Amino acid sequence: MVDTTCHAWSVDIRSARTIQVQLAKRVRLVDETRNVTTVAGVDTGFEGEGAIARACIAVFHWPDLVLAETAIGRQPVTFPYVPGYLSFREMPAILEAAEKLSTLPDLLLCDGQGIAHPRRLGIAAHLGVWLDRPAIGVGKSRLCGTHGPVAEEKGATRALYDGDDRIGTVVRTRTKVRPLFVSPGHRVDHGAAVRWVLATVGRYRLPEPIRAADHAASRRIRTSSH
DNA sequence: GCGACAG
DNA sequence: ATCTTGTCGC
Ligand SMILES: [Mg+2]
């Protein structure tokens, strides 16, 4: 069972930074996704003018890529949005959703960065270490790092660096469409991270598992129309 | 001090 | 992230 109640997520930025530096030491960049049977997408939406975080985890069978299960977690937001500290806002709701799953997925594709983070602990790395599950960060934009130009064809890649550190890969998942920022979160390497993203992309820019999670997480509550 | 800055 | 319908370009 995942422990969410016995932890203070409502810490100040100072403490959060210390926690990130400590947990970053537990990240393992070795590919352990050779026998994956289930791949999940993770994303969070907000309700009540940002007071409530609504996270969704959409689990898919692999390699069928057929939806297996979905879980949603809703928790009050206890941390402001500050670039570099996103996980402290979304983690409580995400962990609640994880507890509701019948089984934890073999691989987590998260909306956000993995180690492509100032202290190498983006939300995918934080979640991966916390659950000790393979995880990959899929950002729609850049948090940090530099890279050369990415060819405009689908499948084109360019390494992302922070100084001399390789922190991720910029990946074009659709021709002539803005690329994604892919980075390992935990128990995967750069190559595997990119392969998983390209393998789970369908007709759209984002991997199908993340699209499904995003859809369910931001789906507003409304009455039937008619 | 100034600019950058996941969702 | 969120407020929101149609419109433009590949
Ligand atoms: Mg998101």
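The shown structure was predicted, so the numbers you read here are calculated from the model rather than taken from an experiment. First the proteins, then the strands, lettered A, B, ... as listed; each starts at 1.
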task: Could you tell me whether the phosphate oxygens of B:dC5, OP1 or OP2, come under 4.0 Å of any side-chain nitrogen or oxygen in A:Ser141?
output: no
task: Decide if atom CG of A:Asp12 counts as having more than 12 heavy atoms of other residues, nucleotides or ligands within a radius under 6.0 Å.
output: yes
- request: Could you tell me whether A:Gly84 contacts a base, only the sugar-phosphate backbone, or nothing, with contacts defined as non-hydrogen atoms closer than 4.0 Å?
  value: base
- request: Would you indicate, yes or no, if B:dG7 has its OP1 or OP2 atom less than 4.0 angstrom from a side-chain nitrogen or oxygen of A:Lys140?
  value: yes
message: Quick check for you: among B:dG7, B:dA6, C:dT2, whose closest atom lies nearest to any side-chain atom of A:Ser218?
response: C:dT2
- prompt: Under the criteria of a ring-centre distance below 5.5 Å and an interplanar angle below 30°, is A:Phe181 stacked with the base of B:dA6?
  reply: no
message: So does A:Leu86 get a backbone contact from the side chain of A:Arg89, meaning a donor-acceptor N/O pair under 3.5 Å?
response: no
message: Please report the distance, rounded to the nearest Å, between CZ in A:Phe88 and C1' in B:dG7.
response: 15 Å
- request: Could you check whether A:Phe46 gets within reach of a base, just the sugar-phosphate, or nothing at all, counting any heavy atom under 4.0 Å?
  value: sugar-phosphate
- request: Report the stems of DNA chain C as range-with-range entries sorted by first number; a stem here is at least three consecutive pairs, Watson-Crick or G-U wobble, both distances under 3.5 Å, and write none if there are none.
  value: none
task: Could you tell me the separation between the CD1 atom of A:Ile52 and the P atom of C:dT2, rounded to a whole number of Å?
output: 14 Å
Spacing of A:Leu127 atom CG relative to B:dG7 atom P, expressed in whole Å: 16 Å
task: For the pair A:Arg211 and A:Asp43, find out whether any cationic side-chain nitrogen is under 4.0 Å from an anionic carboxylate oxygen.
output: no
message: Heavy atoms only, 4.0 Å cut-off, all strands: where does A:Gly139 land among base, sugar-phosphate and nothing?
response: sugar-phosphate
query: Rounded to the nearest Å, what distance is computed from the CZ atom of residue A:Arg178 to the C1' atom of nucleotide B:dA6?
result: 13 Å
query: Which of the following nucleotides, B:dG7, C:dC10, B:dC5, is nearest to the side chain of A:Arg142?
result: B:dC5
message: Closest approach to the side chain of A:Lys176, judged atom by atom: which nucleotide of B:dA6, C:dC10, B:dG7 is it?
response: C:dC10
statement: Here the distance between atom P of B:dA6 and atom CD1 of A:Ile94, to the nearest Å, is 17 Å
message: Would you say A:Glu69 and A:Ser102 are linked by a side-chain donor-acceptor pair, where the criterion is simply a distance under 3.5 Å?
response: yes
- request: Using a 4.0 Å heavy-atom cut-off across all strands, classify A:Tyr85 as base, sugar-phosphate, or nothing.
  value: base
query: Is A:Asp132 salt-bridged to A:Arg26, going by a charged N under 4.0 Å from an acidic O?
result: no
query: For A:Asp214 and C:dT2, what is the distance between atoms CG and C1' respectively, to the nearest whole Å?
result: 12 Å
task: Could you tell me whether A:Lys176 and A:Glu153 make a salt bridge, using a distance below 4.0 angstrom between a side-chain N and a carboxylate O?
output: no
- prompt: After noting the C-alpha distance and the side-chain angles of A:Phe79 and A:Val11, does the key distance pass the side-chain contact (heavy atoms from CB on, under 4.5 Å) rule?
  reply: CA-CA 8 Å; A:Phe79 205 89; A:Val11 295; 4.2 Å; yes
When the side chains of residues 105-112 of chain A are checked against the rest of the protein, which donor-acceptor pairs come out under 3.5 Å, sequence neighbours left out?
residue	atom	partner	partner atom	Å
A:Asp106	OD2	A:Thr37	N	2.7
A:Asp106	OD2	A:Thr38	N	3.3
A:Asp111	OD1	A:Lys140	NZ	2.7
A:Asp111	OD2	A:Lys140	NZ	3.0

message: Rounded to whole Å, please give me the gap between CD in A:Gln113 and C1' in B:dA6.
response: 5 Å
field: Between C:dT2 (P) and A:Glu49 (CD): distance, integer Å
entry: 13 Å
